[in-house]
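The structure appears below as structure tokens.
Side chains included, hydrogens not; waters and symmetry mates left out as well; all remaining heavy atoms used.
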Amino acid sequence: MRPPPRLRALVAAVALAMAATAFVPQGSASGTAASCTVEYSVTSQWSNGFQGSVTLTNHGTPLENWSLAFDFPGSQKVTQGWSAKWSQSGKTVTAVNESWNGEIATGGSVSAGFTAATSGSNPAPTAFTLNGSACTGDSGPTDPNEPPPDPSPGGAPPKLRVSGNKLVDEKGATRRLLGVNRSGGEFMCVQGYGVFDGPVDDASVKAIADWKVNAVRVPLNEECWLGLSHVNPAYAGANYITAVKQFVARLEAHGITPILELHWSNGKYTGGDSHCPDTEYATCQKPMPNARYTPSFWTSVAQTFKNDPAVVFDLFNEPFPDRATSNLTAAWTCWRDGGTCPGIDYPVAGMQSLVNAVRATGAGNLVLVPGIAYSNDMRQWPEYRPTDPAGNLAAAWHTYNFNVCASESCWNEQLAPVAAQVPFVAGEIGENTCSHGYIDRVMAWLDARGASYLGWTWNTWDCSSGPSLISDYNGTPTSFGVGLRDHLKGLS
């Protein structure tokens, strides 16, 4: 799935993080003691602005409403915000709870975010007030590379391997990947706005985990990972890789399986269903990965995570060589073998070469291999499946209500034979209706076959612009997302 174009550049995201923490001994509407902790973070920064967040944790008596205030030391000016009613008078910024997040139990926390304009330096606030009472304590930058928190009660994510048509953990217990996609890493960097779209801090990951999610698919951009010269170095190469590694660590700290997936790749394509025909850069979905950069991308990713078998590799988002040629045999041959493919302007890296690149590093991680027709057609997947010396491949399928194969009769005919042979992972499920009737049917069909699925997407884009699961990064579901959330919680 592609991010809605008008929303891709809306919010800058985590690339370089600084945090300032103030420990607050008191503050309440009535003036009684209510100790709390406030964490202020700059999660992304650009030439004339930045994105920030605040996390308020209540260590005192329960709060029914809250108003958090602080003064900017510099010229910062809030331009927009979410998960609170934001205002600014002079240097004083105030964030007041929304109707749905006013209550904070003892030990509970709430997060809110904002974007702001600035010029020159961007110093962090040094004091905060909660409901009119001063909060005092330490403040100042903390190390963005600090270790992730202790693992959640669910423990570390499993080391998955294939057993027949099931995924099993290191103890042989059957597992399913049930979760969400976290879009942003594929487009923010190449557009020059950051690494992720919205927060990927511990609080935001906990909000995902609270939906009883056990897997998160993380779309990536090969040009950003490899640090190509046309990408802003602040969001490319070592900086991009570090941000991805930190996000992976936070997911694993909450017992969540990270699925790293190549979403956008290099290669000029002008054929059928071309999305950015005027450029070779990785700024849109291409029909197939390219021989120039993609094997190097997967070699580097596999080398980075080969000692972490809990990480899953998803080779390519949505291949569509079948849109470049009407010959399905040629399309599937291109899919597997790559090379010079009919209708595709650049040398292609086939799925076999990408599996080879991963395994040549010594990585035995589970690998997901998608089908064709934007990963919606799986009919000849078993016939053309790549050879894997590690024997650890699963089939990846995508489905939306507007796809060709979007009915139980089609699934029974085309997908059931594949799911009977290999582990079957629906890497993206969604619908463009701002409802969940379609994914309810998809989940029921996949549940009956012990298959896996992940909803698109954990981003606040407004479900009327595309399948967006949430309206804020505290995990408030849209009318589409509530179907996935309630279903996952019911399964747990």
Is the closest side-chain donor-acceptor distance between Asn97 and Glu103 under 3.5 Å?
no

Under 3.5 Å, side chain of Ser274 to main-chain N/O of Pro277, donor-acceptor pair present?
no

Just so I know, are the side chains of Asp201 and Val205 near enough to count as touching, which here means a heavy-atom distance under 4.5 Å?
no

Check Leu251, Asn181, Val312, Val200 against Val218 for a side-chain contact (heavy atoms from CB on, under 4.5 Å) and give me the one that passes.
Leu251

Cut-off 3.5 Å, side chains only: do Thr399 and Tyr438 have a donor facing an acceptor?
yes

His230/Tyr281 aromatic ring centres below 6.0 Å:
yes

Between Asn474 and Thr476, is a side-chain hydrogen bond (donor to acceptor under 3.5 Å, both in side chains) present by the stated rule, with each step listed?
CA-CA 6 Å; Asn474 293 319; Thr476 303; 5.8 Å; no

Heavy-atom side-chain proximity of Tyr374 to Pro287 below 4.5 angstrom
no

Report yes or no: does Ser67 contribute a side-chain atom to a donor-acceptor pair with the main-chain N or O of Val96 at less than 3.5 Å?
no

Under 6.0 Å between ring centres: does that hold for Trp225 and His263?
no

What about Tyr235 and Tyr240, are their ring centers closer than 6.0 Å?
no

Would you indicate whether the side-chain heavy atoms of Met188 and Val195 approach each other to under 4.5 Å?
no

Does either side chain, that of Ser468 or that of Asn459, offer a donor lying less than 3.5 Å from an acceptor on the other one?
no

Which atom pair, heavy atoms only, marks the closest approach of Thr294 to Ser265?
OG1-CB, 4.4 Å

For Ile208, the option from Ile470, Leu469, Val213 that meets side-chain contact (heavy atoms from CB on, under 4.5 Å)
Val213

Would you tell me whether Asn401 and Arg441 have side-chain atoms, one donor and one acceptor, within less than 3.5 Å of each other?
no

Residue pair Thr242 / Asn239, side-chain donor-acceptor N/O under 3.5 Å
no

Quick one: are Phe480 and Thr433 in side-chain contact, heavy atoms under 4.5 Å?
no

Below 4.5 Å, heavy atoms only, C-beta onward: do Glu318 and Pro370 meet side chain to side chain?
no

Trace of the side-chain hydrogen bond (donor to acceptor under 3.5 Å, both in side chains) decision for Arg161 with Asn365
CA-CA 8 Å; Arg161 58 183 176 84; Asn365 305 57; over 6 Å; no

Before giving the answer on side-chain hydrogen bond (donor to acceptor under 3.5 Å, both in side chains), spell out for Asn232 and Tyr193 the whole-Å C-alpha distance, their side-chain angles and the decisive distance to 0.1 Å.
CA-CA 9 Å; Asn232 186 334; Tyr193 293 100; over 6 Å; no

Whether the side chain of Trp397 engages the backbone of Phe424 through a donor-acceptor N/O pair (distance < 3.5 Å, no angle test) should be reported.
no

So which atom in Gln88 and which in Val78 form the shortest heavy-atom distance, rounded to 0.1 Å?
OE1-N, 2.8 Å

Just by modelled atom types, is the Gly184 backbone N or O under 3.5 Å from a matching donor or acceptor in the Glu186 side chain?
yes

Side chains of Met443 and Leu484 in contact at under 4.5 Å (non-hydrogen atoms):
yes

Main-chain N/O of Asn266 paired with Asn290 side-chain donor or acceptor, under 3.5 Å
yes

Within a strict 4.5 Å, meaning less than it, do heavy atoms of the Asn221 and Val231 side chains meet?
no

So which heavy atom on Leu167 is nearest to which on Ser452, and how close?
CD1-OG, 4.3 Å

Hey, does the side chain of Ser300 reach the backbone of Phe297 with a donor-acceptor pair shorter than 3.5 angstrom?
no

For Pro123 and Gly74 the tightest heavy-atom approach is CG-N, 4.1 Å

Mind checking whether Val311 and Thr257 have side chains closer than 4.5 Å, heavy atoms only?
no

Less than 4.0 angstrom from a charged side-chain N to a carboxylate O is my criterion; do Arg292 and Glu222 meet it?
no

Under a plain distance cut-off of 3.5 Å, with no hydrogens placed, do Ser375 and Glu428 share a side-chain donor-acceptor pair?
no

When rounded to the nearest 0.5 angstrom, what is the spacing between CD1 in Ile241 and SG in Cys224?
10.5 Å

Closest non-hydrogen atoms of Leu262 and Leu315, given as atom of the first, atom of the second and distance, are CB-O, 3.5 Å

To the closest 0.5 Å, what do you measure between NZ (Lys91) and OG (Ser75)?
7.0 Å

Check whether Trp66 reaches the backbone of Asn101 with its side chain - one donor and one acceptor, N or O, closer than 3.5 Å.
yes

Using 30° and 60° as the class limits, which term best fits the ring planes of Phe320 and His275: parallel, tilted or perpendicular?
perpendicular

Can Asp486 and His436 be counted as having a side-chain donor-acceptor contact under 3.5 angstrom?
no

Should the pair Phe114 and Trp86 be assigned to parallel (<30°), tilted (30 to 60°) or perpendicular (>60°) ring geometry?
tilted

Apply side-chain hydrogen bond (donor to acceptor under 3.5 Å, both in side chains) to residues Asn317 and Gln285 and explain how you reach the verdict.
CA-CA 8 Å; Asn317 179 44; Gln285 181 65 47; 2.8 Å; yes

Please name the pair of heavy atoms, one in Ala282 and one in Trp264, separated by the smallest distance, quoted to 0.1 Å.
O-CE3, 3.4 Å

Is the number of heavy atoms from other residues, nucleotides or ligands within 6.0 Å of NZ (Lys212) greater than 12?
no

Carefully, step by step, assess Cys276 and Tyr269 under the rule side-chain contact (heavy atoms from CB on, under 4.5 Å).
CA-CA 7 Å; Cys276 49; Tyr269 173 65; over 6 Å; no

Look at the side chain of Lys286 and the backbone N and O of Gly267, then say whether any donor-acceptor pair between them is shorter than 3.5 Å.
yes

Under 3.5 Å, is there a donor-acceptor pair between the Asn122 and Thr118 side chains?
no

Any donor-acceptor N or O pair under 3.5 Å, side chains Tyr453, Asp447
yes

Are the side chain of Asn403 and the backbone N or O of Tyr400 linked by a donor-acceptor pair below 3.5 Å?
yes

Going by the angle between their ring planes, with limits at 30° and 60°, are Phe72 and Phe70 parallel, tilted or perpendicular?
perpendicular

With no hydrogens and no angle check, do the side chains of Ser471 and Thr460 hold a donor and an acceptor under 3.5 Å apart?
no

Salt-bridged, Asp202 to Lys206, with N to O below 4.0 Å?
no

I'd like to know whether Asp169 forms a salt bridge (Lys or Arg N to Asp or Glu O under 4.0 Å) with Arg175, so could you lay out the CA-CA distance, the side-chain angles of the two residues, the decisive distance to 0.1 Å, and finally the verdict.
CA-CA 7 Å; Asp169 61 21; Arg175 298 280 195 140; 2.9 Å; yes

Carboxylate-amine/guanidinium proximity below 4.0 Å for Arg217 and Glu261:
yes

Does Ser204 reach the main-chain N or O of Tyr473 with its side chain, forming a donor-acceptor pair under 3.5 Å?
no

